[in-house]
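Shown next, in structure tokens, is the structure this report addresses.
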Amino acid sequence: MTAPRVERPGLFYPKLPATWWLRNANYFRFMLRELSSVFIALFLVVFLVQLHRLSQGPGAYAAYLETLRAPGWIIFHVVALAFALYHSVTWFNLTGVVQVVRLGERQVPPRLVAGASFALWAVVSVVLLWFLLRG
Amino acid sequence: MTEETMTLEVTRYRPGHDREPRTQSFTVPYRTDWVVLDALNHIKDRIDGTLSYRWSCRMGVCGSCGMMVNGVPKLTCAAFLRDYRPGPIRVEPLANFPVIRDLVIALDDFMEKLRRVKPWIIRAVEKPVSDGEYLQTPAQLDAYKQFSMCINCMLCYAACPVYGLEPAFLGPAAIALAYRYNLDSRDEGYRLREPVLSEAVGVWECTFVGECSVVCPKGVDPAAAIQRSKLAGATDWLLSMIMPWAGRR
Ligand code: SF4
Ligand code: FES
């Protein structure tokens, strides 16, 4: 960590209130994006438990699936899905800003880069869905 | 017909007298072609000569007239009264900076940060003047031009909650400037700037709130510069892990 700032006498040092993220819509959206990772992490824990149950045999797995049918768990999954989508969409929107793609001497417009990322996401999702729903 | 007016709620702070800033209201004439800075000048000339604030060019070039206007960092010479009707307009010193007096903030911290990123062209070996200029193609200029438009107005620091919470953070404009020189085909100072950028309070302190780029009056997009610096730093680190023998740049 860095040493705390030395405050000079006579100056007024403003403090950022804990509610700073309520000040404007952008700050709020940022906080939502940060919060989304908590839900994604929780979902992954649930998913890992699910895999563990699967390894314990069909009986244990079926019992676990039954637990997940409870309304509380369904609500949790809907919320987690919403946050995961929000996180993914904001993430892909930012790829164009962060990753500079050049074609020859020209820079590819950030929107196009983001668009390509979305397209790739859609293709991968469709392939996965087809794979999962096939059988 | 009575003359139309507007109210400005201006932050006042007298060092040595006030424990903390307070607000004072002033009524000024409303003119469609007036900016907030004109209203402040009117107050200083006609109502209260003790009001202190910085300005110089009146045309968005010098970067000294930045203040919070209704809570948003703005160049007051570019913030028209007509966009804030019917008012009142809240005028405060730039957020996140220590206040010296009224609307004047301390610049030392920002100046020190600018110096640390060595914002000038660094050459391993300077070539003699008789060898002529360092030439650059239009494409090489384009690579960094956007990041060279910064006027050091510090609006981006006022918009950055990370800087508000951790004043040691190098911050948007300084990082954008470091990135600008790193991108310059004439520059060879990457290795010297890298340690400053990759410190804990360098690029990695940024959590990408992105508000710096929203408020920047010059379209610099410091947030992009920071994220790209992260990417460059991380790629660099990875390459040095895989191929320790190959010195990059
Ligand atoms: S990056 Fe933009 S907002 Fe920040 S100091 Fe430069 S011109 Fe001002
Ligand atoms: S007075 Fe120079 S930028 Fe506003």
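Keep in mind that this is a model prediction, so the values were computed, not measured. Proteins get letters first, then strands, A, B, ... in listed order; numbering begins at 1 in each.
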Taking only residues two or more places apart in sequence, or in another chain, which ones meet A/F76 in a ring pair (Phe, Tyr, Trp, His ring centres under 6.0 Å)?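 Scan of A/F76 (ring pair (Phe, Tyr, Trp, His ring centres under 6.0 Å), adjacent residues dropped) gives A/W73.
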Run the ring pair (Phe, Tyr, Trp, His ring centres under 6.0 Å) test against B/F80 and tell me which residues pass, sequence neighbours left out.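 By the ring pair (Phe, Tyr, Trp, His ring centres under 6.0 Å) rule, B/F80 matches no residue at all.
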Can you list every pair that meets ring-ring contact (aromatic ring centres under 6.0 Å, His included) and has a residue in residues 135-176 of chain B, with sequence neighbours left out? B/F97-B/Y163, B/F110-B/Y157, B/F147-B/Y179, B/Y157-B/Y163
Electrostatic pair [X]:[Y] at N-O distance under 4.0 angstrom:
X	Y	answer
B/D236	B/R191	yes
B/K74	B/D83	no
B/D187	B/R193	yes

Measure [X] against the heavy atoms of chain A and call it side chain, backbone, both or neither at under 4.5 Å.
X	value
B/D109	neither
B/V214	side chain
B/L231	side chain
B/A223	neither
B/A224	both
B/R19	backbone
B/T207	both

Per-residue contact mode, A/R33 against chain B (heavy atom under 4.5 angstrom):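 Interface part for A/R33: side chain.
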Which bit of A/F30 is near chain B, if near means a heavy-atom gap under 4.5 Å: side chain, backbone, both or neither?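 Just the side chain, heavy atoms under 4.5 Å.
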Between [options], which shows the greatest number of heavy-atom pairs under 4.5 Å with chain A?
options	result
B/P161, B/A200, B/G16	B/P161
B/A139, B/P167, B/P93	B/P167
B/A225, B/P98, B/S213	B/P98

How about [X] and [Y]: do any of their side-chain heavy atoms sit closer than 4.5 Å?
X	Y	value
B/T76	B/L103	no
A/Y27	B/E211	yes
B/D221	B/Q146	yes

Looking only at heavy atoms, which of residues 16-26 of chain A get nearer than 4.5 Å to chain B? A/L16, A/W20, A/N24, A/N26
Please find the pair of heavy atoms, one from B/L75 and one from B/L155, that lie closest to each other, and give the distance. N-CD1, 3.8 Å
Does the salt bridge (Lys or Arg N to Asp or Glu O under 4.0 Å) test come out yes or no for B/E112 and B/R115, once each step is laid out? CA-CA 5 Å; B/E112 169 56 27; B/R115 249 195 308 274; 3.4 Å; yes
With B/V117 as reference, evaluate B/L192, B/L170, B/I175 under the side chain to side chain contact (heavy atoms under 4.5 Å, CB included) test and give the passing residue. B/L170
Identify which of A/G10, A/P110, A/P9 forms the greatest number of heavy-atom pairs closer than 4.5 Å to chain B.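 Sorted descending by pairs with chain B, the first entry is A/G10.
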